[in-house]
*Asks:* 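Before we start, here is the structure in question, set down as C-alpha cells.
Computed from a prediction, not measured in an experiment: that's the story for all the values here. All residue numbers in this chain count up from 1 along the given sequence. The figures here come from the full heavy-atom set of this structure, side chains too, leaving out hydrogens, waters and symmetry mates.
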Amino acid sequence: MPVDGLGFATRQIHAGVEPDQSHRPRATPIYLTAGFVFDDFDQANERFAQADDGYSYSRAGNPTSAAVERRIADLEGGADALLVGSGQAAVSTAVLALVGAGDHIVSANSIYEGSRELFRDNFARLGITTSFVGDANDPEAWEAAIRPETRVLFAESIPNPKNDILDIRAVATVAQRHGIPLIIDNTLATPYLLRPIEHGADIVVHSASKFLAGHGTVLGGVIVDAGRIDWTATDGRYPHLSDNRGPDGRTVADRFGRAAFSAYARSVVALRQGPSPSPFTAFLLLQGIETLSLRVQRHSESAQRIAEWLEAHPAVESVDYSGLASNPYRPLAEQYLPRGQGSVFAFTLRGGRDAAKTFTNSVRLFTRMTHLGDVRSLVLHPASTTHVNRTEDERVAAGIGQGLLRVSIGLEDVEDLIADLDRALAAVQAADLLERAGIA
C-alpha cells in the first residue's frame with residue numbers, strides 16, 4: 001500500500017510491504033532459503049549481470065531482508081538500504097564502499113569504542129588512516145582534519161556512552177563544502193527521534209541489534225543511502241564508482257546513477273565479504289520495527305525521569321544526559337531531538353571504581369550486560385569493559401572515568417527501576433561509611 005504522507009507509526013507497520021500474491025500472507029514470510037530457482041538459462045545470466053533485479057542467492061539479497069531494507073529506508077528518508085549481519089558490519093561495509101589503501105577518514109572522537117578501534121587498528125593495517133576530532137561540534141576542527149585524500153566523515157548522532165549530541169548540520173556543511181560523504185551512526189536515536197538525512201547526512205548506519213530489533217534476541221545492521229550524491233562529479237576521488245569500467249563499458253555510476261554507493265556496497269563489498277543476515281533475523285527485525293515508536297517513546301520518558309532522579313542523589317557526582325536542563329547539550333537536544341533524548345546515558349559515582357563495582361554488584365533489576373536498546377534495563381562499567389584497552393590517560397581524555405557507569409533504560413515500570421537504583425546507591429553509601437570508619 002502507498003505510505004507517502006502517512007505518519008511514522010503507520011509507516012513502521014506498512015512501509016515496504018510487497019505482498020506475496022500466490023498465498024497473500026499478511027505478515028512478511030520468512031524466506032529461509034540459500035538460493036532461488038532460475039526460470040531458464042537467460043534469466044540466470046540476467047540476474048548475475050544485474051539486468052534483472054530478481055533474487056539469485058540469499059547472500060546477495062532475500063525477500064525477507066528486502067522488506068526490512070525498504071521499511072528502514074522509508075523511515076530514515078533514504079533512497080535505498082542494505083541489511084547486513086551486525087552494526088559493526090554496517091560501519092565496515094559502508095566505509096569500505098568508499099575508501100581504499102592510501103585514503104583517509106575523519107571521525108568524531110566520541111563514538112562507539114568498537115568503531116573507533118575498527119578505524120584505528122583494522123583499517124590502519126589496510127593502509128587507511130583516521131584522524132579523530134576532539135570537539136565534534138567545532139566545524140573548524142573538522143576543516144583542519146580534512147586532507148586531499150580524505151574520503152569519509154564519520155560521527156554518531158547520539159554518541160555512546162556520553163550522550164554528547166552532535167550538531168549534524170554543522171558537520172554536514174563541512175562535508176558538502178568538500179564533496180565528502182558524511183556517515184552518521186544513528187543507532188541510539190533511531191529514525192523515530194532523529195533522521196540525519198533531513199539534516200544533511202549522506203549515509204546512515206544502524207546497529208539494528210539495538211532499538212530496531214528491541215528485544216535483545218538478534219544481531220543485525222543496516223546502511224541507508226540518501227541517494228543525493230552525483231558520483232560522476234566527485235573529481236575521481238571515488239574511481240571504483242565513477243571511473244572504473246566494467247565489461248559493458250560502463251561505470252557503476254553510469255549504471256546506477258546516484259544509487260551507485262548503495263549498489264556497490266551491496267553487490268561488491270557485502271556480496272564478497274559475506275556479512276549477510278539470516279532471513280529469520282530479518283523477520284524478527286520487522287517485528288521489532290512495528291513497535292519502534294511506542295518503545296522508544298517509553299524508553300525516553302523513563303530515562304528522563306531516572307536521569308533527573310540520579311542528578312539529585314548525593315552519591316552521584318554527575319549525569320551525562322542531554323534531557324537535563326543542566327546539560328551543556330540541552331540546546332542541541334531541543335533542536336534535533338524534540339520527541340525525546342533516548343535511553344542510553346552515563347552517570348558518574350562519587351568514589352570511583354570501588355563505588356562503581358559495589359553499585360554494579362548490588363543491582364537486581366538492571367542486567368549487567370554489554371548491549372543497548374533492550375526492553376530490559378542494562379548497566380555496564382565502560383572503564384573495565386568496552387574501554388579496557390585504552391590507557392588511563394585516553395579514558396580520562398574521553399571522559400570515561402573509573403566511577404562512570406553506562407545505562408540503557410528499558411521498559412520496566414520506572415518506579416521499580418528507581419527503587420533498584422536507590423538500593424544499589426545505598427549499598428555504595430554504606431560501603432563508603434564503613435571505609436571511612438575503618439571497618440571495611
*Asks:* Can you find a pair of side-chain heavy atoms, one from Leu271 and one from Tyr57, that are under 4.5 Å apart?
*Replies:*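 They are not in side-chain contact.
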
*Asks:* Here's one to test your reading of the geometry: is the NZ or CZ of Arg116 within 45 degrees of the ring axis of Phe132 and under 6.0 Å from its centre?
*Replies:* yes

*Asks:* Between Arg350 (side chain) and Gly403 (backbone), is there a donor-acceptor pair under 3.5 Å?
*Replies:* no

*Asks:* Got a second to check how far Leu166's CG is from Tyr329's OH, nearest 0.5 Å?
*Replies:* 9.5 Å

*Asks:* Do side-chain atoms of Asn163 reach the backbone of Ser322 as a donor and acceptor pair under 3.5 angstrom?
*Replies:* yes

*Asks:* Can you tell me if CG on Asp53 sees more than 12 non-hydrogen neighbours from other groups inside 6.0 Å?
*Replies:* no

*Asks:* Does Glu317 reach the main-chain N or O of Leu349 with its side chain, forming a donor-acceptor pair under 3.5 Å?
*Replies:*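 Not a single qualifying donor-acceptor pair exists.
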
*Asks:* Is the shortest side-chain heavy-atom distance between Leu324 and Arg330 below 4.5 Å?
*Replies:*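 Leu324 does not reach Arg330 side chain to side chain.
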
*Asks:* For the residue pair Glu117 and Asn389, confirm or rule out a side-chain donor-acceptor distance under 3.5 Å.
*Replies:*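 Absent: no donor and acceptor within the cut-off.
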
*Asks:* If you measure from CZ on Phe366 to CZ on Arg423, what distance do you get to the nearest 0.5 Å?
*Replies:* 10.5 Å

*Asks:* Is there a donor-acceptor pair under 3.5 Å between the side chain of Asp230 and the backbone N or O of Thr232?
*Replies:* yes

*Asks:* For residues Arg406 and Leu372, determine if any side-chain heavy atom of one lies less than 4.5 Å from a side-chain heavy atom of the other.
*Replies:*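 In short, these two side chains touch, coming nearer than 4.5 Å.
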
*Asks:* Taking atom CD of Glu415 as the centre, report whether more than 12 heavy atoms of other residues, nucleotides or ligands fall under 6.0 Å from it.
*Replies:* yes

*Asks:* Using the test ring pair (Phe, Tyr, Trp, His ring centres under 6.0 Å), find all partners of Trp231 that sit at least two apart in sequence or belong to another chain.
*Replies:*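 Ring pair (Phe, Tyr, Trp, His ring centres under 6.0 Å) check on Trp231 returns Tyr238.
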
*Asks:* Could you tell me whether the side chain of Arg71 and the main chain of Ala67 form a donor-acceptor pair under 3.5 Å?
*Replies:* no

*Asks:* Do Asn327 and Ile165 come close enough that some side-chain heavy atom pair is under 4.5 Å?
*Replies:*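 Contact flag for Asn327/Ile165 side chains = no.
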
*Asks:* When rounded to the nearest 0.5 angstrom, what is the spacing between CD1 in Ile223 and NE2 in His206?
*Replies:*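 Output value for this atom pair is 11.5 Å.
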
*Asks:* Check whether Arg295 reaches the backbone of Gly288 with its side chain - one donor and one acceptor, N or O, closer than 3.5 Å.
*Replies:*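 Checked: pair present.
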
*Asks:* Has the side chain of Thr391 got a donor or acceptor atom that lies under 3.5 Å from a matching backbone atom of Glu394?
*Replies:*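 Between the backbone of Glu394 and the side chain of Thr391 there is a qualifying donor-acceptor contact (under 3.5 Å).
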
*Asks:* How long is the gap from CG on Leu417 to CD on Glu412, to the nearest 0.5 Å?
*Replies:* 4.5 Å

*Asks:* So, taking the atom named CD1 in Ile158 and the one named OG in Ser110, what distance separates them when rounded to the nearest 0.5 Å?
*Replies:*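 The OG atom of Ser110 is 11.5 Å from CD1 of Ile158, to the nearest 0.5 Å.
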
*Asks:* Quick check: does any side chain N or O of Asn62 sit under 3.5 Å from a backbone N or O of Ser278, one acting as donor and the other as acceptor?
*Replies:* no

*Asks:* Under 4.5 Å between any side-chain heavy atoms of Val268 and Val252, yes or no?
*Replies:* no

*Asks:* Kindly indicate whether the side chain of Asp185, heavy atoms from C-beta on, has any atom under 4.5 Å from the side chain of Ile111.
*Replies:* no

*Asks:* Under a plain distance cut-off of 3.5 Å, with no hydrogens placed, do Thr150 and His104 share a side-chain donor-acceptor pair?
*Replies:* yes

*Asks:* Rounded to the nearest 0.5 Å, what's the gap from OH on Tyr264 to NE2 on His240? Could you check?
*Replies:* 5.0 Å

*Asks:* I want to check something: taking the side chain as every heavy atom from C-beta on, are Arg368 and His381 in contact at a cut-off of under 4.5 Å?
*Replies:*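 Arg368 vs His381: side chains apart.
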
*Asks:* Do Leu188 and Phe211 have side chains that approach each other closer than 4.5 Å (heavy atoms only, starting at C-beta)?
*Replies:*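 The answer is yes; the side chains approach within 4.5 Å.
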
*Asks:* Aromatic rings Phe345 and Tyr321: how do their planes relate, parallel, tilted or perpendicular, breaks at 30° and 60°?
*Replies:* tilted

*Asks:* Donor-acceptor pair, distance only, cut-off 3.5 Å: does the side chain of Arg266 make one with the backbone of Ala81?
*Replies:* yes

*Asks:* Tell me, yes or no, whether the heavy-atom count around Tyr31 atom OH, taken from other residues, nucleotides or ligands under 6.0 Å, exceeds 12.
*Replies:* yes

